[in-house]
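Have a look at the structure below, then the notes.
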Amino acid sequence: MNETLVTLVGNAATAVEFRETASGGMARFRFAVTPRRWDRAKEVWADGHTSFYTVWAWRALAQNLTGSVAVGEPLVVHGRLKVREEELEGQRRTFVDIEAVAVGHDLTRGTAAFRRVVRGEPGLTSRYGPAPVAAGADPWAVREAPERPGEEPVGGGEPVGGAEPSGEAPVRERPVRRRTARQKDGAAPRKPDSDLVTA
């Protein structure tokens, strides 16, 4: 509540710095925003004064930034505006930070390809993509769920046990019928309603 949310359009001025902390990943980079104005006297577009911000990101966003953003790339940053003052070398200086909620490429300046990150695959957060697939392996193979609990899943469509596939249909085992409580007590099984004779 009472937070100042801003959306900035600019360029990454530095590389993304990433480090692990006790609460998760943290990343930061400098962000430059330069407005462009129409100069009526010269009748040309001119760059205004450049403002610099420090963008902070945490956890999943921090990890994804390290594999997605490089120096000079156009970005759109949305987050909370924080202004702090510090005294350095006897002078009081003001710093403006952005706690990022979302960061993306500015598609008015170019194109981008989105790649969804799967939890447990840290290679996807690398700027160079995931590790290469081994020769002969199918990168699109889907591991099937086991038919019975305790069995290993079958992957890549390979036959179970390494047997060669044949043209014969697989033989299915008949399901084992469970005895009812009446059968366990020695009583005769109850006849279905269709076999009962009514008077």
- Message: So, taking the atom named OG in S68 and the one named CD in E73, what distance separates them when rounded to the nearest 0.5 Å?
- Response: 8.5 Å
- Task: Only pairs at least two apart or in different chains count here, so list each ring pair (Phe, Tyr, Trp, His ring centres under 6.0 Å) that has a residue in residues 44-83.
- Result: W38-W45
- same_hphob_cluster(L61, I98) at 4.5 Å side-chain heavy-atom cutoff: yes
- Any sub-3.5 Å donor-acceptor pair from T66's side-chain atoms to Q63's backbone N or O? yes
- Same hydrophobic cluster for V6 and V101, using side-chain heavy-atom links shorter than 4.5 Å among ILVMFWY? no
- Can you tell me if N11 uses its side chain to pair, donor with acceptor, with the backbone of G72 under 3.5 Å? yes
- Message: Is there a path of hydrophobic side-chain contacts, each under 4.5 Å between heavy atoms, that joins V77 and V96?
- Response: yes
- Note, K82 side chain near R80 side chain (heavy atom, < 4.5 Å): yes
- Query: What do the steps show when you test L81 against L5 for side-chain contact (heavy atoms from CB on, under 4.5 Å), and what is the final call?
  - Reply: CA-CA 6 Å; L81 179 66; L5 293 174; over 6 Å; no
- Query: Rounded to the nearest 0.5 Å, what separation is found between the OG1 atom of T94 and the CD atom of E86?
  - Reply: 10.0 Å
- Query: What's the shortest heavy-atom distance between A62 and A57, and which atoms?
  - Reply: CB-O, 3.6 Å
- Query: With sequence neighbours excluded, what pairs up with R93 under the side chain to side chain contact (heavy atoms under 4.5 Å, CB included) test?
  - Reply: L88, F95
- Message: Give me the atom names and distance for the closest heavy-atom approach of A15 to V71.
- Response: N-CG2, 3.3 Å
- Query: Which atoms form the tightest heavy-atom contact between A70 and A12, and what is the distance?
  - Reply: O-CB, 3.5 Å
- Pairwise salt bridge (charged side-chain N to carboxylate O under 4.0 Å, His left out) hits with a residue in residues 37-56, at least two apart: R36-D47
- Item | By side chain to side chain donor-acceptor pair (under 3.5 Å) - contacts of T34 (at least two apart) | T50
- Item | salt bridge (charged side-chain N to carboxylate O under 4.0 Å, His left out) contacts in which one or both residues fall within residues 7-31, not counting sequence neighbours | E17-R28
- Task: Could you point out which residue of L107, L8, V9 forms a side-chain contact (heavy atoms from CB on, under 4.5 Å) with V76?
- Result: V9
- Taking all heavy atoms of A27 and all of V16, pick out the closest pair and write down the distance. CB-CG1, 3.8 Å
- Task: Quick one: list whatever passes side chain to side chain donor-acceptor pair (under 3.5 Å) with E99, sequence neighbours left out.
- Result: none
- Query: With the 4.5 Å side-chain cut-off for hydrophobic clustering, are F18 and L75 part of the same group?
  - Reply: no
